[in-house]
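Below is one structure; the comments refer to it alone.
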Amino acid sequence: MTQLQQVKKAVAFINKKTKNFKPEIALITGSGLAGSVPPLEKKVVISYAAIPGFLQSTVPGHSGNLIFGTYKGRKLMIMQGRFHYYEGHPMKDLAVSVRTMFMLGVQKLIVSAAVGSLDMKLKPGSLCVLNDHINFMCNNPLIGNHDPAFGPMFFDLSEAYDKKMRKTALDACKKLKINAGEGVYLAATGPNFETPAEIRAFKKLGATVVGMSVVPEVLVARQCGILVLGLAWVSNMGCGIAKEPLSHAQTIRETKKIEGKFKDLLEAILPKL
Ligand code: HPA
């Protein structure tokens, strides 16, 4: 089966469940952030496991549900729990969920993630609104995975993260008194956290924050013309800057503290996007 056929199968199943609900904005929730979903009207929840052709999430802290519904008139699709390269999914398969969003009608995507910070102004609890990225995964979900139905093979990334949505998010952070800045996301494969030498090197390369996701999703979204807002919540300072050893338990603990802020931010920006 081609990926187009796989995506069409998932879309047909979802359309049946949602009675052809057409989401405009999608949100992917990162580690420990699944509880930030705003209250939705006309909510439909579909488990990933039920959707033919969809992948399964294997990481603690990532639930596996697609949620559809309306918030203040905006039609939303939420991916509660994402798929990571380090789980062993072939890179190409990471394109399925975002391509499904595209075929359902999504025009804007908010990606959220927990990250390590390399910037002393962005301490745990702060938000880095992404303005660019560095793909250090040295792999790409679009390699050997081209279908013109999902956009052109070659495409521009001079504004991978939409300027207008970035401003909307930063303005809302000011009002909500959330410490926020803009910066560059460096995607590492994981699953290990970085070494102190890697963090020093990444800082020299121009990274503001580091994480193990986001970039594959953003590449797939940009190819099919979906506008992206990247919201990276700092759960820790990068290895070697942080005083204590890093752990996934710490990521989840810190993001639990952020969940409420993130919900407030989403409720503030969704009607404006
Ligand atoms: N590195 C990579 N990914 C992460 C980190 C980190 O320090 N914190 C949360 N996700």
Side-chain angles (χ1 to χ4, degrees), residues 27-36 57-63 79-89 91 94 110-139 141 161 178-219 228-262 265:
L27 164 69
I28 302 176
T29 63
S31 294
L33 296 169
S36 305
S57 184
T58 63
V59 191
H62 288 256
S63 6
M79 237 181 105
Q80 209 175 34
R82 61 151 55 85
F83 306 111
H84 304 84
Y85 187 39
Y86 63 70
E87 290 174 78
H89 300 297
M91 196 40 127
L94 298 186
I110 306 170
V111 284
S112 65
V115 289
S117 171
L118 281 58
D119 180 342
M120 295 311 284
K121 291 195 290 296
L122 296 175
K123 298 256 165 59
S126 305
L127 177 70
C128 182
V129 177
L130 304 181
N131 58 15
D132 210 339
H133 73 225
I134 297 170
N135 183 3
F136 212 81
M137 288 183 166
C138 303
N139 201 342
Y161 300 85
I178 295 170
N179 185 48
E182 278 195 290
V184 175
Y185 181 101
L186 184 139
T189 62
N192 56 281
F193 292 106
E194 299 69 32
T195 64
E198 285 167 344
I199 290 294
R200 286 194 300 273
F202 293 165
K203 196 164 163 116
K204 284 195 178 152
L205 287 179
T208 315
V209 293
V210 58
M212 307 173 194
S213 59
V214 170
V215 165
E217 295 151 3
V218 172
L219 296 175
V228 175
L229 174 64
L231 302 177
W233 292 96
V234 176
S235 60
N236 56 277
M237 298 311 288
C239 181
I241 306 172
K243 304 254 180 317
E244 70 283 14
L246 305 183
S247 69
H248 187 60
Q250 182 205 31
T251 303
I252 300 294
R253 204 169 50 242
E254 289 301 321
T255 44
K256 281 286 154 216
K257 293 188 209 161
I258 290 163
E259 256 180 356
K261 281 193 222 183
F262 186 28
L265 179 63

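Start at 1 and go down the list; that is how both ligands and their atoms are numbered.
- Annotation: Lys121, atom NZ; neighbour count of heavy atoms from other residues, nucleotides and ligands within 6.0 Å does not exceed 12.
- Near Gly211, meaning under 4.0 Å from one of its heavy atoms, ligand 1 places the atoms 2 (C), 3 (N).
- Looking only at side-chain heavy atoms (C-beta outward), Met237 and Lys243 stay at 4.5 Å or farther from each other.
- In this structure, Phe193 places its CZ atom where more than 12 heavy-atom neighbours from other residues, nucleotides or ligands lie under 6.0 Å away.
- Protein heavy atom nearest atom 2 (C) of ligand 1, with residue, atom name and distance: Glu194 OE2, 3.2 Å.
- Considering only non-hydrogen atoms, atom 6 (C) of ligand 1 lies nearest to Phe193 out of Phe202, Trp233, Phe193.
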For this session: Test Val214 against Val115 for side chain to side chain contact (heavy atoms under 4.5 Å, CB included), laying out the working first.
Result: CA-CA 10 Å; Val214 170; Val115 289; over 6 Å; no
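- Scanning the protein heavy atoms around atom 10 (N) of ligand 1, the nearest turns out to be Ala114 O, 3.3 Å.
- In this structure, the side chains of Val184 and Leu205 stay at 4.5 Å or more apart for every pair of heavy atoms.
- Within the 4.5 Å cutoff, no side-chain heavy atoms of Glu244 are placed close to those of Asn236.
- Contact atoms of ligand 1 toward Leu246: 7 (O) (distance under 4.0 Å to a heavy atom of the residue).
- Considering each of Val209, Val234, Asn236, the one bringing a non-hydrogen atom nearest atom 7 (O) of ligand 1 is Asn236.
- When hydrogens are left out, the protein atom nearest atom 5 (C) of ligand 1 is Gly116 N, 3.4 Å; that is the closest non-hydrogen contact.
- Protein heavy atom closest to atom 9 (C) of ligand 1, with residue, atom name and distance, is Ser235 OG, 3.4 Å.
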